[in-house]
Amino acid sequence: MIQLIARILKLSKKYNGRILAAFVFSFLRAILKVSPICLSFFALTAFFNGTMDSAMCLWLGAGMVICLLLMIVFQLASDRLQSTAGYMLFADMRLALGRHLRKMPMGYFTEGNLGKISSVISTDMLFIEENAMSVLADNMSFIFSQCVTVIFLWYIDFRLGLTAALLCAVICLIARGMNTHALIHSANRQQQNENLTDAVLDFTEGIGIIKTYNLLGDKSKELTRNFEESLRTNIAFEKNQAPWQSTLYTCYGLSSVIVLSAAVFLYFKGILSPQYFIGMLLFVLELFASIKALYSQSARFTVMNSCIDRIEQVFDQPELKDQGTEHLPESYDGPEIEFKDVSFGYGEKEVLHHISFKLNKNNMMALVGPSGGGKSTIASLLARFWDVQQGEILVRGKNIKDLPLSELMDNISMVFQRVYLFQDTIYNNISMGRPDAPREEVIEAAKKARCYDFIMALPDGFDTVIGEGGASLSGGEKQRLSIARCILKDAPIVILDEATANVDVDNESYIQQAISELCRGKTLLVIAHRLNTIRNADLINVISDGRIVQSGRHQELVEQEGIYQSFVKLRSSSLCWSKSANLNQG
């Protein structure tokens, strides 16, 4: 429990001053909490000594009222200081997590971690935010109160104080074992929360496919299994805690009996005076109330520890290094882009093997080949979504690792096969390409991307709010909006990743016109499977099994036996790349 408080203070950093000030108020409140007992004890002593009078009664009554008012003031001050610190702390932490995620390699997001990220933000951080500061306030108050109680017992008789201190130590040892045991089950519970988040995301994102293939029953069963597993995990957590809690409650009762027995023994031995003995009886049942209240929250302690572990795991994930100090030259006589002996793998599986090529300024290179051959990985490495494990990638002669990441991204635009638009206005979705662009330039980009007409046909034109992911638009319309975004950005290097792969015939001509506007005067890296897209490329690299197996212009490759020639023949029969790969292997 002390370890948890230390971890929260470590997280709090710049807000520690507020929290430590709150501890002072908690300490003062803890002293005042036992003031009624102390005042009652003094009244009892005065009664036995025959010094009690009306004036003393008034003073004692006034003292109790003042102590009560001060307790309320100190409680409010402590809560205010810690609560505001908690909300500010986790506002900062969410922003820090956002900055951290922004600098992480794309691989982290594609390796099944979306559920973890969602769970950390929506469950773990929220739980700690709502509980951490109240736990700090309550726990410090409980600790201080128990210490004051033991000191008061020591004042009555040091043997009683020593007995109470030893019993508190025994209770703490048992509680420590309970917390260690609970932490294991708490980690399992939080992991199941993550699994449930994954299942919900998978179900909601794939609802269209699920309905199309009539899999609602199967997928609903899978989701239901996750809900049931969460129920079992939570019940198991509580069941595992119950025996420990019962043991502790027994210890609290036995400890009170032991201290009371010691007081009775001292009284009959004549060591403890009658007024001290009666004073003891006034609060014997409350002797261990503070430590009891402290450890009754052990479930919250362990869940919070587990939550902090999971948050720290995300923060501990390595970022892409962004310490580059070099800058791209305005002009360069060599190639605009160069891959030099580049190899790369996801985990232990290498997917690119010794890739080398050059792409000159304002030229177009097409990457073609069977699915899974490594084409998209090459494009992602150029944009530094990941870092290469071997070799280097140069832009205008500069290793992209030596450039500030922001500068590299300012020089690259990407149009993906799968377009994502945010739940916002069309205007804001386009202006993401250059947020400071005047409205006139945003509109001009929309016209060049051949999306101005359909935008103006919408109820609110550019101010129309589209659904999350662009759900209210067709695939072709979404693609044209993404191209408008890139046109507005006006980066010198453009990557097209299967930009026209899933576009209907009606939209294809518009998109081709939009791409022509985007690509004018740009250096192009194109991943495509349509002949009319790659036929005029300055260089075509055929990628298969992570290697460049053919390289040249369209006419040269058509005349060579190999994958490209098979591809051209198969395209004329509307066959797919996977069959092309099979023919080549045969």
Side-chain angles (χ1 to χ4, degrees), residues 320-322 324-344 351-369 373-416 486-487 489-499 515-528 533-544 546-557 560 564:
L320 276 175
K321 293 182 180 178
D322 187 16
T325 56
E326 298 191 28
H327 299 282
L328 290 175
E330 291 293 328
S331 59
Y332 181 68
D333 294 333
E336 183 84 344
I337 299 168
E338 183 176 3
F339 275 56
K340 297 177 68 174
D341 195 33
V342 170
S343 295
F344 174 77
V351 296
L352 292 181
H353 318 287
H354 308 290
I355 299 292
S356 296
F357 63 77
K358 296 178 182 180
L359 176 57
N360 293 325
K361 184 177 181 180
N362 298 338
N363 280 9
M364 171 183 172
M365 174 185 290
L367 301 178
V368 299
K375 305 184 296 297
S376 293
T377 300
I378 290 173
S380 297
L381 290 175
L382 175 59
R384 260 201 98 190
F385 287 174
W386 295 275
D387 273 336
V388 300
Q389 277 110 25
Q390 178 183 321
E392 57 182 356
I393 301 172
L394 308 178
V395 173
R396 296 181 203 162
K398 300 290 185 180
N399 191 319
I400 60 174
K401 291 183 180 180
D402 298 331
L403 300 171
L405 192 56
S406 59
E407 181 174 338
L408 175 66
M409 297 314 300
D410 282 342
N411 284 272
I412 295 176
S413 288
M414 297 187 73
V415 180
F416 299 96
C486 292
I487 290 174
K489 185 178 181 180
D490 196 28
I493 298 171
V494 176
I495 300 172
L496 302 177
D497 188 353
E498 300 278 14
I515 289 175
S516 296
E517 289 284 353
L518 170 65
C519 298
R520 188 172 290 121
K522 302 291 194 294
T523 303
L524 302 178
L525 183 66
V526 180
I527 300 169
T533 304
I534 61 177
R535 192 185 300 272
N536 297 319
D538 297 288
L539 180 66
I540 299 171
N541 282 328
V542 182
I543 311 296
S544 180
R547 293 181 171 83
I548 298 177
V549 295
Q550 288 181 284
S551 185
R553 295 179 68 91
H554 171 72
Q555 196 57 42
E556 297 172 25
L557 296 177
Q560 296 177 13
Y564 193 80

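The chain is numbered in sequence order, starting from 1. It should be emphasised that the depicted structure is a prediction, and the values quoted were computed from it without experimental measurement.
- Between Leu539 and Leu359 there is no side-chain heavy-atom pair separated by less than 4.5 Å.
- Using a 4.5 Å heavy-atom cutoff, the side chains of Cys519 and Val526 are not in contact.
- Here the NZ atom belonging to Lys522 is positioned 11.0 Å from the CD1 atom belonging to Ile493, to the nearest 0.5 angstrom.
- By the side-chain hydrogen bond (donor to acceptor under 3.5 Å, both in side chains) test, Asn399 pairs with Glu392, sequence neighbours left out.
- Listed by chain and number, the residues in a side-chain hydrogen bond (donor to acceptor under 3.5 Å, both in side chains) with Lys398 are Glu326 (sequence neighbours excluded).
- One finds the CE atom of Met365 at 10.5 Å from the CD1 atom of Ile540 (value rounded to the nearest 0.5 Å).
- Rounding to the nearest 0.5 angstrom, the gap separating the NZ atom in Lys375 from the CG atom in Leu525 is 11.5 Å.
- His554 and Tyr564 make their closest contact through ND1-OH, 2.7 Å (heavy atoms, listed as atom of the first residue, atom of the second, distance).
- Side-chain contact check for Ser331 versus Arg396: every heavy-atom pair is 4.5 Å or farther apart.
- Applying the side chain to side chain contact (heavy atoms under 4.5 Å, CB included) rule to Leu408 yields the partners Arg384, Val395, Ile400, Leu403, Leu405, Ile412; only residues at least two apart in sequence or on another chain are considered.
- Closest non-hydrogen pair, Leu557 versus Gly552, comes out as CD1-O, 3.7 Å.
- Among residues two or more places apart in sequence or in another chain, the salt bridge (charged side-chain N to carboxylate O under 4.0 Å, His left out) test is passed with Arg520 by Glu517.
- Under the side chain to side chain contact (heavy atoms under 4.5 Å, CB included) criterion, Ser343 pairs with Glu350, His354, Gln390, not counting sequence neighbours.
- Taking all atoms of both residues into account, the shortest heavy-atom contact from Pro404 to Gly324 is CG-O, 3.4 Å.
- Listed by chain and residue number, Asn541 satisfy the side-chain hydrogen bond (donor to acceptor under 3.5 Å, both in side chains) test with Ser551 (two or more places apart in sequence, or in another chain).
- We find the CD1-NZ distance between Ile393 and Lys340 to be 12.5 Å, quoted to the nearest 0.5 Å.
- A salt bridge does not link Asp410 to Lys489: none of the charged side-chain nitrogens sits closer than 4.0 Å to a carboxylate oxygen.
- How far CD1 of Ile378 is from CD1 of Ile548: 6.0 Å, rounded to the nearest 0.5 Å.
- Side-chain atoms of His327 and Glu407, non-hydrogen and from C-beta on, do get closer than 4.5 Å to each other.
- Listed by chain and number, the residues in a side-chain hydrogen bond (donor to acceptor under 3.5 Å, both in side chains) with Glu338 amount to none (sequence neighbours excluded).
- Between Gly546 and Ile355, the shortest heavy-atom contact is O-CD1, 3.4 Å.
- The distance from the OG atom of Ser380 to the CD1 atom of Ile527 is 7.5 Å, given to the nearest 0.5 Å.
- Within the structure, side chain to side chain donor-acceptor pair (under 3.5 Å) pairs that include any residue of residues 355-366 do not occur (at least two apart or interchain).
- Scored by the ring pair (Phe, Tyr, Trp, His ring centres under 6.0 Å) test, Phe344 finds Tyr346, Trp386 as partners (sequence neighbours excluded).
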